[in-house]
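The structure appears below as structure tokens.
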Amino acid sequence: MSIQWRKCASQIKHVIQTISKHYQMANVSDSAVVLAYYTLLSLFPALLVIASLLPYLNIRTETVLESIEPMVPESIWSPVNKIDNLNRDFFVLCHD
């Protein structure tokens, strides 16, 4: 039993060393950081494009906001909702 255990432990150690070696060779941690950075950087322009297309697709802003409200944390939702209310008030003032 002890010999089988040592053999299994040796194989597991070899697998972990191989994975670690390939992980370091591929610079996975650097790639993950770069991917996260560019994803975050491209998020805001993508949201602007989507928001700009809503009127052309006959989708009301209120509908979108109601759909995403359950998915957005309260700390983010509160400022977004205030901005939307300001925009609505401004629109009403300008078109009365």
Side-chain angles (χ1 to χ4, degrees):
M1 180 90 172
S2 174
I3 295 173
Q4 290 176 344
W5 180 253
R6 287 184 188 153
K7 186 177 180 181
C8 183
S10 173
Q11 290 174 343
I12 292 172
K13 183 179 175 183
H14 177 68
V15 167
I16 291 173
Q17 287 175 341
T18 304
I19 290 172
S20 175
K21 179 180 152 188
H22 286 283
Y23 181 86
Q24 291 171 352
M25 284 175 31
N27 290 329
V28 173
S29 60
D30 293 342
S31 299
V33 169
V34 169
L35 181 64
Y37 177 75
Y38 283 116
T39 301
L40 194 61
L41 211 68
S42 66
L43 189 62
F44 186 69
L47 289 174
L48 285 175
V49 168
I50 292 170
S52 298
L53 291 176
L54 289 178
Y56 296 108
L57 300 173
N58 291 327
I59 299 174
R60 297 185 63 216
T61 308
E62 293 82 16
T63 307
V64 175
L65 290 175
E66 289 171 3
S67 300
I68 63 170
E69 183 179 4
M71 297 178 277
V72 177
E74 181 61 34
S75 60
I76 294 174
W77 180 253
S78 181
V80 168
N81 199 23
K82 286 178 186 175
I83 291 170
D84 183 49
N85 289 338
L86 285 174
N87 287 342
R88 266 194 236 135
D89 293 342
F90 180 74
F91 183 75
V92 169
L93 287 174
C94 291
H95 291 86
D96 274 345

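- Listed by chain and residue number, R60 satisfy the side-chain contact (heavy atoms from CB on, under 4.5 Å) test with T63 (two or more places apart in sequence, or in another chain).
- A 4.5 Å side-chain heavy-atom check between S20 and Q24 finds at least one atom pair inside the cut-off.
- Listed by chain and residue number, V72, P73, V80 satisfy the side-chain contact (heavy atoms from CB on, under 4.5 Å) test with I76 (two or more places apart in sequence, or in another chain).
- Listed by chain and number, the residues in a side-chain contact (heavy atoms from CB on, under 4.5 Å) with M71 are I68 (sequence neighbours excluded).
- Residue pairs that meet the side chain to side chain donor-acceptor pair (under 3.5 Å) test with at least one member in residues 64-76, sequence neighbours left out, are E69-W77.
- Put simply, CD1 on I19 and CD on Q17 are 11.0 Å apart, with the number rounded to the nearest 0.5 Å.
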For residues 34-50, which side-chain N or O atoms pair as donor and acceptor with protein atoms under 3.5 Å away, sequence neighbours left out?
residue, atom, partner, partner atom, Å
T39, OG1, L35, O, 2.7
S42, OG, Y38, O, 3.0
S42, OG, T39, O, 3.1

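- Note: K13 NZ to T18 OG1 = 11.5 Å, rounded to the nearest 0.5 Å.
- Applying the side-chain contact (heavy atoms from CB on, under 4.5 Å) criterion to P55, with sequence neighbours excluded, gives no partner residue.
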